[in-house]
Colleague: 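Below is a structure I'd like to ask you about.
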Amino acid sequence: MGTLVRMTSSTEPPDPLTLEVVELIGTIVARYHEEYETAAGKHSLTGAQARVLGLLSRGPTPMRHIAQQLKCEPSNVTGIIDRLEARGLAERRLDPADRRVKLAAATDRGKETADRLRGSLDFARAPLAGLSEQERTVLRDLLKRMLGTDPV
């Protein structure tokens, strides 16, 4: 399979196709964030709280890893966890492998809220439904490759 975008040197301007792909990705990201914020608001959450709750619904996570994933300061995560904890959506636990490490975890209510929130994100559902399974697989694989998370 060919390369998704042609790599250019810093002195060579990007080709028109690369610019178009970058603009399309930007549009998709903007739509995703807009819908995510709206969906979070319907659950009386901020976008940041919803993102953290989504991460926690996958399993207990060290708070420093949450900060790394969100690319923010650990103190910001502490405040978000405080607010989720006050609503009964998250809890803090000691890591059984290293009691110096604090884990944050979604409660059962938090997991249910995260599932409902994830289920309410429709921005890509209809367009993706118009693609065949093979096309969705290719799209997924190309996105993973762009992110460097898929072995080539």
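Computed from a predicted structure; not experimentally measured.
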Colleague: Under the salt bridge (charged side-chain N to carboxylate O under 4.0 Å, His left out) definition, can you give me all pairs with a residue in residues 67-84, not counting sequence neighbours?
Modeller: Asp82-Arg92
Colleague: Does any N or O in the side chain of Glu135 come within less than 3.5 Å of the main-chain N or O of Ser132, such that one atom is a donor and the other an acceptor?
Modeller: yes
Colleague: Between Gln69 and Ile66 (side chain of the first, backbone of the second, donor and acceptor by atom type, cut-off under 3.5 Å), is there such a pair?
Modeller: no
Colleague: Flag yes if Met146 and Leu24 sit in one hydrophobic cluster, no otherwise; membership is Ile, Leu, Val, Met, Phe, Trp, Tyr, and two members link when side-chain heavy atoms are under 4.5 Å apart.
Modeller: no
Colleague: Is a side-chain donor or acceptor of Arg87 paired with a backbone partner of Gly110 at a separation under 3.5 angstrom?
Modeller: no
Colleague: Is a donor on one side and an acceptor on the other found under 3.5 Å between the side chain of Thr149 and the backbone of Arg145?
Modeller: no
Colleague: Would you say CD of Gln68 has more than 12 non-hydrogen atoms from neighbouring residues, nucleotides or ligands within 6.0 angstrom?
Modeller: yes
Colleague: Just by distance, do the side chain of Thr61 and the backbone of Leu56 share a donor-acceptor pair under 3.5 Å?
Modeller: no
Colleague: For the pair Glu37 and Arg51, find out whether any cationic side-chain nitrogen is under 4.0 Å from an anionic carboxylate oxygen.
Modeller: yes
Colleague: Listed by chain and number, what are the side-chain contact (heavy atoms from CB on, under 4.5 Å) partners of Arg58, not counting sequence neighbours?
Modeller: Leu55
Colleague: Do NZ/NE/NH1/NH2 and the carboxylate oxygens of Arg118 and Asp115 come within less than 4.0 Å?
Modeller: yes
Colleague: Please test Ile80 against Leu53 for side chain to side chain contact (heavy atoms under 4.5 Å, CB included), starting from the C-alpha separation and ending with a verdict.
Modeller: CA-CA 9 Å; Ile80 292 168; Leu53 190 58; over 6 Å; no
Colleague: Taking only residues two or more places apart in sequence, or in another chain, which ones meet Glu112 in a side-chain hydrogen bond (donor to acceptor under 3.5 Å, both in side chains)?
Modeller: none
Colleague: For Pro14, is there any backbone N or O sitting under 3.5 Å from a side-chain donor or acceptor partner on Thr18?
Modeller: no
